[in-house]
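Heads up, the thing below is written out as structure tokens.
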2 protein chains.
Amino acid sequence: MAEIVTKLPAAGSPPAKQDQGKNTQNHAINPKAMAIMTAAKELFLEQGFGAVSMDQVARQAGVSKATVYAHFVSKEKLFAEMVFRACIAKSHAVLPALQADSDIEAVLEEIAHIVVDHLLSPEPLAVYRIIMAEGPRFPELPRAFFGNGPLPMIRKLTDFFDEANRLGLLTVPDTRLAAEQVIWLVRGPLGVRRLFTTDVPADLPAEEAVIKGAARMIHATYSPRAN
Amino acid sequence: MAEIVTKLPAAGSPPAKQDQGKNTQNHAINPKAMAIMTAAKELFLEQGFGAVSMDQVARQAGVSKATVYAHFVSKEKLFAEMVFRACIAKSHAVLPALQADSDIEAVLEEIAHIVVDHLLSPEPLAVYRIIMAEGPRFPELPRAFFGNGPLPMIRKLTDFFDEANRLGLLTVPDTRLAAEQVIWLVRGPLGVRRLFTTDVPADLPAEEAVIKGAARMIHATYSPRAN
DNA sequence: GGGAAACTAAACCGTCCAGTTCAGTCACAC
DNA sequence: GTGTGACTGAACTGGACGGTTTAGTTTCCC
């Protein structure tokens with residue numbers, strides 16, 4: 001029902017009253033449209049699609065509802081575009097470069113930290129949650145999210161392991177699998193406590209233990225001498 | 001706002017017209033109440049809280065809306081109780097017993113399969129998704145879910161690793177951490193493609209490769225000779 | 001200063017939905 | 001067979017919300 005923009009025009013003109021051009025373009029510059037997007041982002045990410053009314057969005061944006069509808073065709077479109085933008089907004093991580101004499105376990109630990117920073121900061125988590133929640137209603141979102149969020153990180157990690165193979169620092173038979181492993185070894189245990197709003201008790205392992213454990217595990221499994 | 005039952009009475013009497021006893025008790029036997037619960041489960045788990053109306057529930061249960069309200073105080077209570085029941089309804093997994101001469105890597109692989117079967121079958125996944133989605137609105141649910149779903153599995157795995165330590169089959173310094181690691185090594189890569197309704201392309205590692213990889217990784221890391 | 005376009009504020013429409021009410025039916029117990 | 005209580009079916013209330021319209025105000029450019 002709601003199609004999503006797959007490209008973001010960088011600049012735009014203000015809305016025109018009765019052309020159909022207001023639908024999916026040109027909100028990048030206009031300050032009102034930006035205020036609306038910002039408000040929508042805050043509200044939707046926090047409360048979900050159903051729980052937020054367009055009146056709330058307008059109020060929070062400091063704008064009349066008519067203006068909201070002047071810039072965005074419908075609630076669905078606004079939501080979908082907001083999520084899409086939130087997906088691609090993630091700053092792209094930079095992994096440390098490898099040298100032949102790198103301390104591989106230290107580098108792995110560093111990488112685990114980067115994964116935590118990028119996948120477990122509040123906004124990506126909120127996006128993740130909302131994609132999961134509204135996935136059935138907006139089936140295009142998961143693909144956009146995966147392609148812009150986890151996938152680039154997986155690719156970088158895969159490249160990293162390829163490079164480690166090449167330098168003889170590791171022996172990784174399936175680098176793509178290794179990439180997912182390192183992600184989930186930290187994302188899993190640490191994500192649970194962040195995704196469930198209510199704090200889960202039951203003595204979770206400490207954050208640093210999880211990170212060090214993941215690095216150690218990758219190293220132990222893929223160390224050249226181990227295989 | 002919606003408090004949740006933390007105990008399930010096994011038997012119940014039919015509703016009483018004007019006492020306040022209908023709220024959180026006694027839906028276990030009454031066939032109408034059961035039909036309502038069943039319908040609620042199917043609908044809510046599939047479509048989420050907001051997208052389902054009480055008329056739908058009544059219709060699907062083959063019951064009048066008045067009867068629904070005779071058994072359940074409100075939509076919130078019905079939803080919360082349904083989720084709570086779905087949480088505790090999970091059949092409890094049985095892990096293979098260890099002997100001193102067990103083939104530990106084979107056992108680990110078996111365990112990985114059990115984890116997949118228990119955490120990634122359709123209903124637990126649906127519950128997981130809905131907890132994530134409605135978590136902000138029902139803050140008591142995540143704890144109930146975690147305590148009845150993942151936590152027992154984590155405990156069993158922790159015990160398993162303790163036993164493996166005792167038998168000298170593995171050397172696991174932090175058994176609780178190891179339990180979470182084995183869970184997430186399979187749950188992570190395999191859960192993504194199931195949680196996102198739209199199939200995510202981008203050549204995911206094959207299921208069996210993920211499972212074998214997890215078992216191998218645990219073994220390589222915690223093998224007695226490795227440390 | 002004049003005109004056009006963006007914007008506001010508020011009323012308004014239609015729809016949907018949670019929850020209530022009520023007259024009447026059915027089944028069963030005494 | 002009569003009373004009791006669960007249940008039905010349908011109408012209804014009250015409120016929320018998406019989306020539109022309109023009358024009037026601001027802003028800015030020429």
Side-chain angles (χ1 to χ4, degrees), chain A residues 1-2 12-23 25-37 39-40 43-44 47-82 134 137-138, chain B residues 1-2 12-23 25-37 39-40 43-44 47-82 134 137-138:
Chain A
M1 180 165 282
S13 55
K17 203 52 178 282
Q18 53 227 17
D19 74 298
Q20 72 281 38
K22 64 175 175 174
N23 37 17
Q25 295 192 335
N26 307 338
H27 318 295
I29 293 289
N30 185 297
K32 300 280 176 179
M34 257 184 54
I36 294 165
M37 275 298 315
L43 291 169
F44 281 136
Q47 304 177 38
F49 179 77
V52 174
S53 77
M54 291 298 263
D55 289 279
Q56 276 178 74
V57 174
R59 205 179 320 130
Q60 170 134 351
V63 139
S64 76
K65 200 159 66 147
T67 302
V68 173
Y69 279 98
H71 286 278
F72 299 91
V73 180
S74 68
K75 191 186 181 189
E76 274 83 7
K77 283 261 168 66
L78 172 59
F79 176 77
E81 179 153 348
M82 172 253 121
E134 313 292 350
R137 205 194 308 225
F138 298 89
Chain B
M1 179 166 282
S13 55
K17 203 51 180 281
Q18 53 228 15
D19 75 301
Q20 71 281 36
K22 64 175 174 173
N23 37 18
Q25 294 192 335
N26 307 338
H27 318 296
I29 293 287
N30 187 295
K32 301 280 176 179
M34 256 183 55
I36 295 165
M37 276 297 316
L43 291 169
F44 281 137
Q47 305 178 36
F49 179 78
V52 174
S53 76
M54 290 299 261
D55 288 279
Q56 277 177 77
V57 174
R59 204 179 319 128
Q60 171 135 348
V63 138
S64 76
K65 198 158 70 149
T67 303
V68 174
Y69 280 97
H71 286 278
F72 299 91
V73 180
S74 68
K75 191 185 181 188
E76 272 83 6
K77 282 261 166 69
L78 172 60
F79 176 77
E81 179 154 348
M82 172 254 122
E134 313 293 349
R137 204 195 308 226
F138 298 90

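Every chain is numbered from 1, with letters handed out A, B, ... down the list of sequences.
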Classify the nucleic acid contact of B:Val57 as base, sugar-phosphate or nothing, counting any heavy atom under 4.0 Å across all strands shown. nothing

Does the D:dG19 base have a donor-acceptor partner in the side chain of A:Lys65 within less than 3.5 Å?
yes

B:Met54 atom CE is separated from D:dG15 atom P, nearest whole Å, by 20 Å

A:Phe79 atom CZ is separated from D:dC17 atom P, nearest whole Å, by 17 Å

Nearest heavy-atom approach of B:His71 to B:Ala33 is ND1-CB, 3.6 Å

Here the distance between atom P of D:dG9 and atom OH of B:Tyr69, to the nearest Å, is 17 Å

Separation of D:dG19 atom C1' from A:Lys75 atom NZ, nearest Å, is 12 Å

Practice problem: Tell me what B:Gly62 touches on the nucleic acid: a base, only sugar-phosphate, or nothing, going by heavy atoms under 4.0 Å. | Solution: sugar-phosphate

* Tell me whether the OP1 or OP2 atom of C:dC7 has a side-chain N or O from A:Thr67 closer than 4.0 Å. => no

Whole-Å distance, B:Leu43 CG to C:dC17 C1', equals 15 Å

Does B:His71 put a side-chain nitrogen or oxygen below 4.0 Å from OP1 or OP2 of D:dC7? yes

Derivation of the side-chain contact (heavy atoms from CB on, under 4.5 Å) call for A:Met54 and A:Leu78: CA-CA 10 Å; A:Met54 291 298 263; A:Leu78 172 59; 4.0 Å; yes

Mind checking A:Val68 for me? I need base, sugar-phosphate or nothing, with any heavy atom below 4.0 Å counting as a touch.
nothing

From CZ of A:Arg59 across to P of D:dG18 the rounded distance in Å is 11 Å

Side-chain atoms of A:Lys32 come closest, of C:dT21, D:dG19, C:dT8, to C:dT8

- Touch class at under 4.0 angstrom, heavy-atom based, for B:Ser53 against every strand present: sugar-phosphate

Q.
Contact between A:Glu134 and A:Phe79 at the side-chain level, heavy atoms closer than 4.5 Å - yes or no?
A. yes

Taken to the nearest whole Å, CG/B:Asp55 to C1'/D:dA11 is 12 Å

When rounded to whole Å, the CG to P distance for the pair B:Leu78 and C:dC17 reads 16 Å

Q. Under 4.5 Å between any side-chain heavy atoms of B:Pro31 and B:Met34, yes or no?
A. no

Indicate yes or no: at least one non-hydrogen side-chain atom of A:Phe44 is less than 4.5 angstrom from one of A:Lys75. yes

Note: for A:Gln56 and A:Ala66 on DNA chain D, the residue whose nearest nucleotide lies more 5' is A:Gln56

